[in-house]
Each structure stands twice: as structure tokens, then as C-alpha cells.
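Have a look at the structure below, then the notes.
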There are 2 protein chains.
Amino acid sequence: MRENLTQTIEDYLKTIYQFTLEHQRATTNQIAESLGVTPASVTGMLKKLAATEPPLVEYKKHYGVLLTPAGEKIALEIVRHHRLLEMFLVQMLGYEWDEVHSEADRLEHHISEAFEERIAEALGDPQRDPHGNPIPTRELAIQKLNDIPLRSLQPGQKGVVQRVRETDPELLRRVAELGLVPGAHFEVLEYSPLDENLLLAIAGQPVSVVLGKGITNQIFVKAI
Amino acid sequence: MRENLTQTIEDYLKTIYQFTLEHQRATTNQIAESLGVTPASVTGMLKKLAATEPPLVEYKKHYGVLLTPAGEKIALEIVRHHRLLEMFLVQMLGYEWDEVHSEADRLEHHISEAFEERIAEALGDPQRDPHGNPIPTRELAIQKLNDIPLRSLQPGQKGVVQRVRETDPELLRRVAELGLVPGAHFEVLEYSPLDENLLLAIAGQPVSVVLGKGITNQIFVKAI
DNA sequence: AATCGAATTTAGTGTAGCCTAATTAAGAAA
DNA sequence: TTTCTTAATTAGGCTACACTAAATTCGATT
């Protein structure tokens, strides 16, 4: 199995991994939406992934899929590739944090183990990628996070940004301009449920953040 | 055409480019051999490449193919990617010159223009790759070479290694051990046609070079 | 000019992964 | 329980790119 994996299969496994992290399972429609294919195509692929030796997913009709250990291993390898690449692009090639996602998304399927090792070493085995997401170790262990969405904080609470789960370059640039990068300290000043507007103090400066499409739902923080 | 190019098509064009450089054309069997597919498959693909708009190759049945300007442009982009990547792997990630070929062969199809530009800049727009092959410029101009195979030199002649056209890691390592890397000065001492054995002086030291599988046909030099 | 072998092309298939359209199953609401 | 909506699956097809086996063409040699 470790050989002849197509990019397609790797993409399915990665997607399933991401959804199961948040929702305990991945559904056909979610996967289809995320990969830009039709649900019918997903059903076909899930059957195939469940029929390999060893099986890569556990598939229950009309319910959804989980990764098997074999499937999770592959997903974590891809996630490690992706996040190491993002770090590499920023630190060694001078990319901005909003430019790395699409590049890493293509390259993650094509770098060798040797390449992975060399950039990990050159970067000093980083624990997090530029967006604050944890990078699985060489042994594919990944740290569990207990951060919470920024939106869930109440006025008066203070916190530190942990990670930004967002891939859209436009939005990432706006977030960076506000200074809401991993490590940034802030305090929630006000929240108006009507227009979903949030007023924060970031590094002492009051800043108004608009929750367009739930941006602040994608910013994970730790309350302090 | 510039979009939706498959890796397969890029590989065909690159292969055709290499053969036409040396033999003024590429034949079906050469391409098949080089890509590891059957001649029948090549015929099918050549027809397709000749039928695109604009056509990528000029195809004459039972004769062979040439690249059109459009096809050559794509081939040169891939060659530029490949050679820049090789240089990048050696200079920035510490690869040995025998390790870079296969890695670059995969990555060349998947890096963006932005990636290309950044490594070119980081490397200071190199003219040659680690094996001495010329790197097409940003505008895809490539320098013409007038170097000659080492084998063609007569005893008594002196020369400088220009490039090593070989991809096999085993052989590359042996060549490097002998010191026959680009820039190396040498003198031909003896040649025995019987066992195809060549005796050289490299940096003053006499070295015996065996022409197994024509290694010295792959080493290109300039006589001085 | 006829012949022969190697190179090439044609014809017919197979597999991966996608699609649309039609059907079925699940779960919420009546 | 029955009904309705939405999610998911099945059935049938399409395209890209490979393959094998059979037929053809070229060009060299008689």
C-alpha cells in the first residue's frame, strides 16, 4: 500500500482526516464539497478506499467514513509534508503566509522522504506551521489542541492567538494586517450580535473586527 | 494551451526536446524506451500532441516528430524547472549531485512560477546546473554548447570537463570520485581500444577510467 | 525489382476517476 | 405512523492514457 498511492487518494484521506478531527466523521457531501467533485464520485472512491488491503477507511453506508490506522498514517504524512512545506516556503524562500497554501497543496504529494527530512532539519524541526497548526513529528505524532474559537470569548476576556485555520489569501492578509497572528495578545472589548462585529484591543490598540463569513470562527485562541 | 497541461504531456515534450537536440528528430521507439511505455502508446500520444491548438509537435508518420515553437516553449520551461531545482537541492538543501535527478524529475511538474522565481533569485540566477547543463533563462533562451565527448579526444590532448550527461546515481558517484566534475582539468594519457580503457591525468594524478556503457561518451569536454 | 526485418501504426481493451440522471435511505416534521 | 426533504447510492457513460496483438510501411539487401 505504501507505494503507488495516487495524489487523488492522498487528497481524499487528507480531507477525511480534517473532517473527522472536528466532527468525529466525514460525510459524503462534505468530502465532495471540499474536493470539488460530485457526491456520486465520492461514494465510488470511498468504496475503493474501504476495499484496499489493508483498508484505508471504515465506511458505513449512509453514515460516513473514518480513517483506519493505515489511512490515518498516510493522512498524517501528507499533513506533515504540507505544514513543513509551508514553513519552508516562508522561512527559506520568503513567501508571505497567505501565499503558501496552494503551493504546499501541490508539492505535498511529490516530495520524497529525503526532501522532507532535509527541510525539517534545515528548519530545526518546527512544531508549528506559519498559521500555528501543529506539525506531526517524524513518527507522525501530532499534538492535540485545546484552543477555542475567538468568537466564543466574552467581552472582558483576554487571550493569545494560537492558530488561524483559513486558507483564503485575501482573508489571511486582512488577518495579518490586524495583527492577529499566532502569539498575538488581545482583549475582547465588545461584541454586537446584530452585525456580528467584534471590538478587540490588540497590543493595546483597539481594532474593529468584522466576522464576515465567520473569520473569527477560524481564529483559535487560548484564554488567559 | 498554457493551462491544463498534464505531467504526461510535459514528459513527452521534454523527452522529444532532448532527442531532437542530438538527432534533429525524435522517433517513436526512442520516446517509448525513454518514457517506459510501448511504442503504440507513443503513436497515440504524438497524434494528440499534433492535434492540439496550437499544435505542440510536428508529426510525420513513420518518420518522427519535432517540437513546434509552442511545444518547445513548454519543454524549455520544464527544463528550466528541472535544472534550477537540481541546483537548489544541491546548494540550499545539501543534496549530492547524484541524488537530485529523480527528485527534480518529479518536482519540475509541480512548482509554480513564483517558486521558480524565488529559487532562481536565491541562487543568483545560475547559468548551469550541478552537472554542468545550461539553464534556460527566464525568457527561455538556452545557450548552445559546442563541447565534445571525452571519448573523442586523442592521447596527448588536454581539456576541461564541461558537463556530465548522466542520471544514474551509481555512475555519477564514480565520476565524482574520479574528480571528473565540471571545471576539472585533465590530460588524456592513453587509450586502448581493446577494453575501451582510458588513462587520464586529472589534476596531475594519473587515473584509469573504464568506458563501461560509454560513461566517457556522457562526459562532455572542451579541448584546450 | 523483389524480399525481409525492424519500426511503426491500427484496432480493440482495460483501468482510474470523473460525470449526470434516476433511485433509495434516513431522519425530521406532521 | 406516514410524509417529506435532504443525503447518499446506483446505474450507465465519458475521457485520458496506458496495453496487446495484428497489420503495415520503410529502407536495406539481395
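Residue numbers begin at 1 in each chain, while the letters A, B, ... track the order of the sequences. The figures that follow rest on heavy atoms only: side chains count, while hydrogens, waters and symmetry mates do not.
In terms of phosphate contacts, T28(B) brings no side-chain nitrogen or oxygen within less than 4.0 Å of OP1 or OP2 of dA7(C). Distances shorter than 4.0 Å separate some side-chain N or O of K47(B) from OP1 or OP2 on dT10(C). In terms of phosphate contacts, K48(A) brings a side-chain nitrogen or oxygen within less than 4.0 Å of OP1 or OP2 of dG17(C). Within the structure, a side-chain polar atom (N or O) of Y12(A) is placed less than 4.0 Å from OP1 or OP2 of dC18(C).
Mapping heavy-atom proximity under 4.0 Å, the span of DNA chain D touched by chain B runs 5' to 3' from dA16(D) to dC26(D).
A salt bridge does not link D147(A) to K222(A): none of the charged side-chain nitrogens sits closer than 4.0 Å to a carboxylate oxygen. We find that K14(B) and D105(B) are joined by a salt bridge, their nearest charged nitrogen and carboxylate oxygen being less than 4.0 Å apart. Of the charged side-chain nitrogens involved, at least one lies within less than 4.0 Å of a carboxylate oxygen, so that R118(B) and E99(A) count as a salt-bridged pair.
Using a 4.5 Å heavy-atom cutoff, the side chains of D11(A) and I78(A) are not in contact.
As a whole-Å value, the separation of L46(A) CG from dA16(C) P is 16 Å. As a whole-Å value, the separation of H23(B) NE2 from dA7(C) C1' is 16 Å. Summarising the geometry, the separation between CZ on R25(A) and C1' on dA26(C) is reported as 11 Å, rounded to the nearest angstrom. In this structure, the CD atom of E33(B) is 11 Å from the P atom of dA7(C), given to the nearest Å. The CG-C1' distance, from D11(A) to dC18(C), rounds to 14 Å in whole Å. Look at CG on L35(A): it is 12 Å from C1' on dG17(C), rounded to the nearest Å. We find that NE2 of H62(B) is positioned 12 Å from C1' of dA6(C), with the value rounded to whole Å.
Within the nucleic acid shown, T8(A) comes within 4.0 Å of sugar-phosphate atoms alone, with no base atom in reach, counting heavy atoms only.
For the residue pair T68(B) / E58(B), no side-chain donor-acceptor distance below 3.5 Å is found, with atom types taken as modelled. Looking only at atom types and distance, the side chain of Y17(B) has no donor-acceptor partner in the side chain of E72(B) under 3.5 Å away. Side-chain contact annotation: H82(A) with E86(A), donor-acceptor N/O pair under 3.5 Å present.
Of the two residues contacting DNA chain C, namely V37(A) and K61(A), the nearest-nucleotide position lying further toward the 5' end is that of V37(A).
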